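Residue numbers start from 1 in every chain, and the chains themselves are labelled A, B, ... in the order their sequence lines are given, proteins ahead of strands. All values below come from the heavy atoms of this structure, side chains included, with hydrogens, waters and symmetry mates left out. Because the structure is a prediction, the values reported are computed rather than measured.
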Amino acid sequence: MAGKTLFDKIWDAHVVHEIKGGPSVLYIDKHLVHEVTSPQAFAGIDKRGIEVFRPQNTVATPDHNVPTMDQHLPIKDQLSRFQVDKLTENCKKHGITLYGLNHPSQGIVHVIGPQLGITQPGMTMVCGDSHTSTHGAFGSVAFGIGTSEVEMVLATQCILQPKPKKMRINVEGELSKGVTAKDIVLYIISKITASGGTGYFIEFAGSAFRSLSMEGRMTVCNMSIECGARGGLIAPDETTFEYIKGREFAPQRADFDKAVEIWKQLKTDQDAVFDKELNYNAADIEPMITYGTNPGMGTKISGNIPREDEIEASNLTTFKKSMEYMGFEAGDQLVGKAVDFVFVGSCTNGRIEDLREVAAFVQGKKKADNITAWIVPGSKQVEQQANKEGITQVLEEAGFKLRQPGCSACLAMNDDKIPEGKLSVSTSNRNFEGRQGPGARTMLASPLTAAAVAVTGKIVDPRTLL
Amino acid sequence: MSIDKFVTIESTAVPLPIENVDTDQIIPARFLKATTRDGFGENLFRDWRYDKQNNPVADFVLNKNVYSGSILVAGKNFGSGSSREHAAWAIYDYGFKVVVSSFFADIFKGNALNNGLLPVQISDGFLNTLIKAIENDPATKIKVDLQNQEISMLGTNEKESFDINPYKKECLINGYDDIDFLLSQKEKIEEFEKNRA
């Protein structure tokens with residue numbers, strides 16, 4: 001019998017029951033909840049007159065909808081305030097731990113999970129948010145779910161889920177200077193398209209991923225969903241164990257050593273078979289940027305937007321619509337395009353390492369006059385750490401201002417909206433039409449590229465400034 | 001609790017031949033502030049449907065009076081992006097019972113099925129045929145027969161079968177709810193917890 005993949009091992013260990021010809025009843029170890037996709041699920045529980053089955057396995061925080069200024073004041077937007085209050089009320093009623101707006105552990109749900117040591121190898125994790133795939137960086141099976149499924153987990157700690165197919169993406173070799181985790185994942189998505197991973201769960205393997213920090217691995221796994229894959233994971237190793245050690249909810253002392261022995265077994269067997277396998281060379285990857293309106297429409301920053309004759313006939317209508325929205329011409333050079341906004345933040349790139357990277361680049365430099373820059377830490381802990389390391393000061397001296405934690409301009413649910421027609425270089429995960437505000441135009445890139453753009457005021461290859 | 005039972009549908013259809021329609025287009029994030037499931041249809045495709053002054057955009061398909069019906073026929077990779085179930089709620093609330101495409105994003109597909117909205121995946125060729133037929137004659141009627149897993153164009157020989165998970169098919173036809181099913185599995189779940197402790 002062929003060996004098992006890492007994904008199979010974790011999935012199979014969580015199957016409570018298999019329905020013949022149907023989905024599996026899958027047990028969920030950790031459930032993360034935020035204010036936007038949970039109120040209808042809690043209402044469902046109440047309507048059925050049942051209790052939350054395992055409240056201790058659910059953790060909640062408001063992030064999508066919160067303002068990033070004056071968080072100590074009541075939220076001005078009435079609907080947002082009501083939604084955040086509803087989360088507080090639901091958590092209180094059902095005995096769920098909540099990191100509220102003024103709690104020192106509040107932040108974007110996918111930033112606080114790892115940071116508190118809640119995310120651990122071998123777990124199944126879900127959240128009513130597609131970027132739950134982030135937690136796969138620790139060798140866990142983590143994926144986004146809809147609100148009906150949030151209700152399933154609240155009611156039974158399980159969901160009904162068909163088992164996805166398995167894909168492995170190997171990237172071997174060393175990354176060149178100026179090329180980061182974000183560039184790897186934008187490169188992969190540009191190769192396999194925004195739907196190339198649909199139906200699969202991806203394992204990212206190879207030396208390029210092994211050499212990444214946990215923050216970098218989280219950036220990669222975070223964007224698995226942008227190629228359509230439900231999730232992505234990376235086998236845990238010393239980097240993983242070192243990151244988890246000593247965190248609030250991590251196993252402590254002897255328990256930690258015991259856990260590490262178990263976590264070390266979490267890897268794909270040599271003879272395991274994947275439904276699809278892709279191989280890339282790290283040396284081929286350059287700093288990347290998107291030019292269109294889905295994350296698959298990306299290319300190396302030093303390159304040009306494809307010409308129409310380079311686009312497959314079936315994609316041409318979508319491509320033209322995209323160019324019209326972005327105000328770009330097919331074949332355009334990317335370098336030199338004037339930019340209006342820079343957004344550094346989100347569950348993709350709002351962690352301390354991302355802020356360090358930006359600060360290291362802008363130290364001693366000044367922000368370009370034409371740029372409005374929003375730097376939004378992923379959590380209160382990231383904010384604290386940035387203050388402690390002097391990052392906040394470096395950024396302020398360069399003309400930036402740190403805002404308060406939340407999802408912010410990644411999805412523009414709060415007031416952080418890029419104005420209509422303005423061009424934004426963003427470290428977030430989606431460049432869909434209107435994603436950063438109605439009519440806003442988004443180009444996705446790494447924090448390093450975003451920092452370089454903020455300083456020069458236009459699209460620039462960061463390698464030319466290193 | 002239960003969802004609406006899915007019965008065989010014969011209806012005219014609305015064509016949306018755009019690929020990669022993501023859930024931010026279906027329902028933009030700024031409309032996700034509600035705490036109930038109702039009323040999202042009003043803002044379905046908001047930024048394509050209305051201009052900045054909230055006037056209907058004349059050439060967007062939902063604003064063209066010639067098209068109507070409970071079937072939405074859309075381009076490849078429908079429902080990509082965010083996991084917001086509000087997208088499925090918005091489509092259903094607007095009055096659609098079926099979305100036809102040649103490819104669906106996973107999370108959207110699951111969300112749709114959990115709300116009695118049937119995603120019907122067909123070949124690129126048949127999708128093209130349907131869209132052309134509807135655009136040529138908006139009175140074209142399409143039949144979606146879930147029991148026999150078949151979609152056909154009435155008055156022609158054009159038809160195709162489609163796949164659906166047998167469990168989900170039973171749920172839709174009978175209006176069963178996954179949560180009721182899971183609640184019936186409580187003993188097994190508790191036993192699972194005990195065995196792994």
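Contact count against chain B (heavy-atom pairs under 4.5 Å) is highest for A:R430 among A:K20, A:Q161, A:R430, A:H131. Annotation: maximal heavy-atom pairing with chain B below 4.5 Å, among A:E149, A:K86, A:E226, A:E420, occurs at A:E420. Among the candidates A:I159, A:L160, A:T318, the residue making the largest number of heavy-atom pairs closer than 4.5 Å to chain B is A:L160. Here A:S148 is the residue among A:S148, A:S80, A:G146 with the most heavy-atom pairs under 4.5 Å with chain B. Contact count versus chain B (heavy atoms, under 4.5 Å) is highest, among A:H64, A:K417, A:R54, for A:R54. Taking A:G199, A:G439, A:P162, A:G437 one by one and counting their heavy-atom pairs under 4.5 Å with chain B, the maximum is reached by A:G199.
Contact of B:L32 with chain A is made through backbone and side chain together, with heavy-atom distances under 4.5 Å. The contact between B:Y167 and chain A is made by backbone and side chain atoms together, counting heavy-atom distances below 4.5 Å. Within the 4.5 angstrom heavy-atom criterion, atoms from both the backbone and the side chain of B:P166 approach chain A. Contacts between B:D106 and chain A at a heavy-atom distance below 4.5 Å involve backbone atoms as well as side-chain atoms. For a residue to count as touching a neighbouring chain, one of its non-hydrogen atoms must lie under 4.5 Å from one of that chain's; by this rule B:N77 touches chain A with the side chain only.
A donor atom on one side chain and an acceptor atom on the other are not found under 3.5 Å apart for B:Q149 and B:D163.
Closest approach of B:Q147 to B:K169, counting heavy atoms only: O-NZ, 2.8 Å.
Proximity of the aromatic rings of B:F40 and B:F31 is defined here by a centroid distance below 6.0 angstrom, and this criterion is not met.
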